[in-house]
Amino acid sequence: MKAVRTLILAFVLVALPGCQGQKAASTVGTDAAVEARIDKFLSQMTLSEKIGQMNQVSVGGDVSNYADALRKGQIGSILNEVDPVKVNEFQRISVEESRLGIPLLVGRDVIHGFHTVFPIPLGLAATFDPALVEQGARVAALEATAQGVRWTFSPMLDIARDPRWGRIAEGSGEDTYLDARMAEAMVYGYQGRAADTTSMAACIKHFVGYGAAEGGRDYNSTFLTERQLRNVYLPPFEAAVKAGAMTLMTSFNDNDGVPSTANTFMVKDVLRGEWGFDGLVVTDWNSMGEMIAHGYGTDRKDVAKKALDAGVDMDMMTYGYVSHLEELVHSGAVKEAAIDQAVRNILRVKILLGLFEHPYVDVDASAAVQYAPEHLAAAQRSVEESAILLKNNGVLPLEAAPLRNILVTGPLADAPHDQLGTWAFDGEKEHTVTPLKALKERFPGKVSYVPGLTYSRENRARFDDVVAAARRADVVLVFVGEEAILSGEAHSLADLNLKGSQSELLAALKATGKPVVATVMAGRPLTIERDLPNCDALLYAFHPGTMGGPALANLLFGDVTPSGKTPVTFLRTVGQVPLYYNHTMTGRPYNGETLLDDIPQEAGQTSLGNTSYYLDYGPYPLFPFGFGLSYTTFSYSDASLDRDVYGKDDTITISCTLANTGGRNGTEVVQVYVRDLMGSLTRPVKELKHFERVHLQAGESRTLQMQIPVSELAFYGQDGMKKVEPGDFQLWVAGDSDSGEPMNFCVK
Ligand code: GLC
């Protein structure tokens, strides 16, 4: 079976002026035999059966409740059934009791693992390790397909620059390049390099711009220009399409007044026309019906037509298609050809997944796949690489030998449900290994546990019990953060400080004078500046999933050296939103102007700096994008470029020497940033264009050579064309977005 590969033929029509991408003449995502098979089905199907394929239903309870609709071919896909026996019964009725025997597409939100839960996607992005992320997605596919799920509504590619938005947890953060690499990795992982019955169709979502919800309030409107979309939000989707993503989901938001589920330009012109996407487009849950609430449609018939006109193939839970398309065709408002095209896209995915040949799952074999040791090992390694060391006064790594009493405390120390994070539908907390459990197993008789707070929102006035326990301990390991329910969809927050009395707990523990090591488990970058003085070290683990406990124990005690880097900017206060590294310069960049504490009394109106910053919090974040400490140190030296001047078809070769200057082995995420100093549009002060993980023994140094094609510097300029504009550039090689010295080069 041939995986869907969207091969865009070489014929590129001359691009039209305005924000037009280059148009692909056609797409060859599949071969002639597949298309012929689809033609045959279409010739046999009634209009009602065609429309049935376009209907996706969330199911639960008895399969018999759906039997009649299945026999009539009125359901093309189901979601939210993961019992392999029931999945097989759904398929049996569809295949053996309907007229044409077309199997169902069985979907599920397998977002960061199925039963074996990996770190949330924001944590996976912090690994800067696409190969590891691909492995995790492959594990998710093996476990989910073993229970009959052949379609996941993942990866989520929404660029997120606003941590108030709860769904920042589900994506890869603020950077376009990192997001694109993670997108490719998950598509390959889910669908498999050599597709077979363990292939699970990826669904790239939410198309598009959903992460820019105004105010960070979920489902809110976005106001992104086409240039912002093309230069920041669309590239990860394009990369995923090129990686062969089989499906795409439209988003809830309206952008610039047009709901995505009716955005003809984005779906038909960009996705299909420019990129040649030949997979299946599905709405988000009732996003078709929500266009009525948006005030963009009068009723379900109206919004069904608008969605179909925009090129949306499948309706998730509005029942708009199955209720109104037949009438719309008979009235002439909709052409049957449009329905044929949608059904063609749906059948193509079903054929390419091999569902006609293998509609059923081997129930007896499914249990053995779940939680396989190698799956758990992959999940643990993902945590070990994703955790970010943000502070360490030298207390870490802990030496176990001299410790007699390790106090474990905090609401996330033994929270098997919350540790899994958001969108862990099939994670089972019984399988979660919490830090408390892992530490007790590792250090029998040495670990004392006093929670201090039983959950993250709990308010307490006094901590006598845990303070007394801390006084008796040699070291305090405190686990704080967010309950899973405060993260994810519809869970926006206006205050990003640790909830409840967690900060007070840290202060009380610090006051004992004992070493305090904090680990934060959260679904977003919380504002932790006020907590840092109360920790001797702080490890940030975006909800780490099933194997968080053993992984964090290995990190805290030095079996593993932290290597995670921030995939999103950490703010000093929520009032700084939005603040991200790849911002534009403005006409008045900050230049050391006066901050609040230095303002004299009765200062004259024009006496302060007239530049872009906050008087009270300044211009900088708490931690920049790409930042993370290690138990060792790294130095960059002898950085050079192979030339000073490049042509547009050249490749930039960057050399530098990376040395592990500390006493422990460690892995550095080497990052390369580029700045286009002048363009037909104002350009970001920096953009990530390459990264790689480099492991060095203590004392080892290595000369690295990295390549960046000059074509990677292209952007959609003021003329709407994507191209590299000649001129002067700067390039940094560093360990985060705020370090290093620029090297200059120019493009002729
Ligand atoms: C949701 C989400 C989407 C998810 C879908 C199915 O509301 O927005 O990401 O895949 O419904 O659960």
Side-chain angles (χ1 to χ4, degrees), residues 112 118-137 154-163 165 167-189 204-205 208-209 211-212 228 231-240 242-243 245 382 385-388 524-525 540 542 563-570 578-583 621 623-628 667-675 684-694 706 708 712-713 715 731-740:
H112 51 109
F118 282 69
I120 57 172
L122 192 59
L124 294 173
T127 67
F128 283 72
D129 190 343
L132 183 62
V133 171
E134 178 177 346
Q135 186 188 5
S154 176
M156 192 259 233
L157 307 186
D158 301 306
I159 294 287
R161 295 168 161 173
D162 188 337
W165 189 52
R167 302 197 79 166
I168 194 171
E170 298 172 56
S172 296
E174 71 189 40
D175 181 70
T176 299
Y177 181 82
L178 176 61
D179 191 11
R181 303 296 76 78
M182 291 295 144
E184 292 161 345
M186 289 190 198
V187 167
Y188 291 136
I204 54 180
K205 70 183 187 181
V208 65
Q228 282 176 304
N231 288 324
V232 178
Y233 292 84
L234 285 170
F237 285 92
E238 186 175 9
K242 285 179 178 168
S382 298
E385 289 197 13
S386 74
I388 307 164
R524 69 184 91 213
Y540 211 92
F542 294 107
S563 60
K565 297 283 188 176
T566 51
V568 65
T569 298
F570 276 62
L579 184 62
Y580 46 92
Y581 90 93
N582 46 0
H583 58 82
F623 298 108
F625 173 84
F627 175 83
T667 298
E668 170 71 323
V669 176
V670 176
Q671 301 154 50
V672 180
Y673 294 89
V674 177
R675 180 184 179 186
V685 296
K686 273 184 186 178
E687 291 181 290
L688 183 67
K689 293 297 181 185
H690 176 86
F691 60 83
E692 57 187 72
R693 291 174 60 88
V694 180
M706 296 162 279
I708 299 177
E712 287 294 308
L713 309 184
F715 70 101
L731 183 146
W732 291 258
V733 187
D736 65 61
S737 62
D738 195 32
S739 300

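Everything numeric in this text was worked out from a predicted model, so none of it was measured.
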Roughly how far, to the nearest 0.5 Å, is the CD1 atom of Ile120 from the OG atom of Ser382?
-> 13.0 Å
What's the verdict on side chain to side chain donor-acceptor pair (under 3.5 Å) for Asp736 and Ser739, showing C-alpha distance, side-chain angles and the deciding distance?
-> CA-CA 6 Å; Asp736 65 61; Ser739 300; 2.9 Å; yes
All heavy atoms of Phe542 vs all of Pro567, minimum pair found to be CE1-CD, 4.0 Å
Taking every heavy atom of Pro155 against every heavy atom of Ala183, the minimum-distance pair comes out as CG-O, 4.2 Å
Could you give the distance from CD (Glu687) to CG (Leu731), rounded to the nearest 0.5 Å?
-> 12.0 Å
Glu174 side chain to Thr569 main-chain N or O, any donor-acceptor pair under 3.5 Å?
-> yes
Which atom pair, heavy atoms only, marks the closest approach of Val568 to Ala160?
-> CG2-O, 4.1 Å
Beyond-backbone contact of Leu157 with Lys205, side-chain heavy atoms, under 4.5 angstrom = no
Residue pair Met186 / Pro121: nearest heavy atoms and the distance that separates them = CE-CB, 4.5 Å
For the atom pair CZ (Arg167) and CE (Met156), what is the distance rounded to the nearest 0.5 Å?
-> 5.0 Å
Does the side chain of Ile708 come within less than 4.5 Å of Val672's, by heavy atoms?
-> yes
Between the CG atom in Leu579 and the CZ atom in Arg161, the distance rounded to the nearest 0.5 Å is 11.0 Å
Just checking, Arg693 and Phe691: is the charged tip under 6.0 Å from the six-membered ring centre and within 45° of the axis?
-> no
Short question: side chain of His112, backbone of Phe118 - any donor-acceptor pair under 3.5 Å?
-> yes
Is there a donor-acceptor pair closer than 3.5 Å between any side-chain N or O of Thr566 and the backbone N or O of Phe627?
-> yes
Is any NZ, NE, NH1 or NH2 atom of the basic residue among Glu170 and Arg524 found under 4.0 Å from an Asp or Glu carboxylate oxygen of the other?
-> no
Any donor and acceptor pair, going by atom type alone, linking the side chain of Gln671 with main-chain N or O of Val669 inside 3.5 Å?
-> yes
Looking only at heavy atoms, the pair that brings Asp158 and Trp165 closest together is CB-CH2, 3.9 Å
When rounded to the nearest 0.5 Å, the distance separating NZ of Lys686 from CZ of Arg675 is 10.0 Å
Report the residue from Trp732, Phe570, Phe625 that forms a ring pair (Phe, Tyr, Trp, His ring centres under 6.0 Å) with Tyr581.
-> Phe625
For residues Asp179 and Pro236, report the shortest heavy-atom separation together with the two atoms involved.
-> OD2-CG, 3.4 Å
Would you say the side chain of Leu122 lies within less than 4.5 Å of the side chain of Ser172, judging by non-hydrogen atoms?
-> no
If you measure from OG on Ser737 to CG on Leu688, what distance do you get to the nearest 0.5 Å?
-> 9.0 Å
Is there a donor-acceptor pair under 3.5 Å between the side chain of Lys565 and the backbone N or O of Gly628?
-> yes
For Val670 and Met706, run side chain to side chain contact (heavy atoms under 4.5 Å, CB included): C-alpha distance rounded to whole Å, both residues' side-chain angles, the deciding distance at 0.1 Å, then the answer.
-> CA-CA 10 Å; Val670 176; Met706 296 162 279; 3.9 Å; yes
Is there a side-chain contact between Met182 and Pro130, using heavy atoms and a 4.5 Å cut-off?
-> yes
Taking the side chain as every heavy atom from C-beta outward, state whether Leu234 and Val208 have any atom pair closer than 4.5 Å.
-> yes
Is there a side chain to side chain contact (heavy atoms under 4.5 Å, CB included) between Arg181 and Val133 once you walk through the steps?
-> CA-CA 10 Å; Arg181 303 296 76 78; Val133 171; over 6 Å; no
Is there a donor-acceptor contact under 3.5 Å from the side chain of Thr176 to the main chain of Val232?
-> yes
Apply side chain to side chain contact (heavy atoms under 4.5 Å, CB included) to Phe623 and Ile388, showing your working.
-> CA-CA 11 Å; Phe623 298 108; Ile388 307 164; over 6 Å; no
Could you please spell out the steps behind the side chain to side chain contact (heavy atoms under 4.5 Å, CB included) verdict for Asp175 and Asn582?
-> CA-CA 8 Å; Asp175 181 70; Asn582 46 0; 3.8 Å; yes
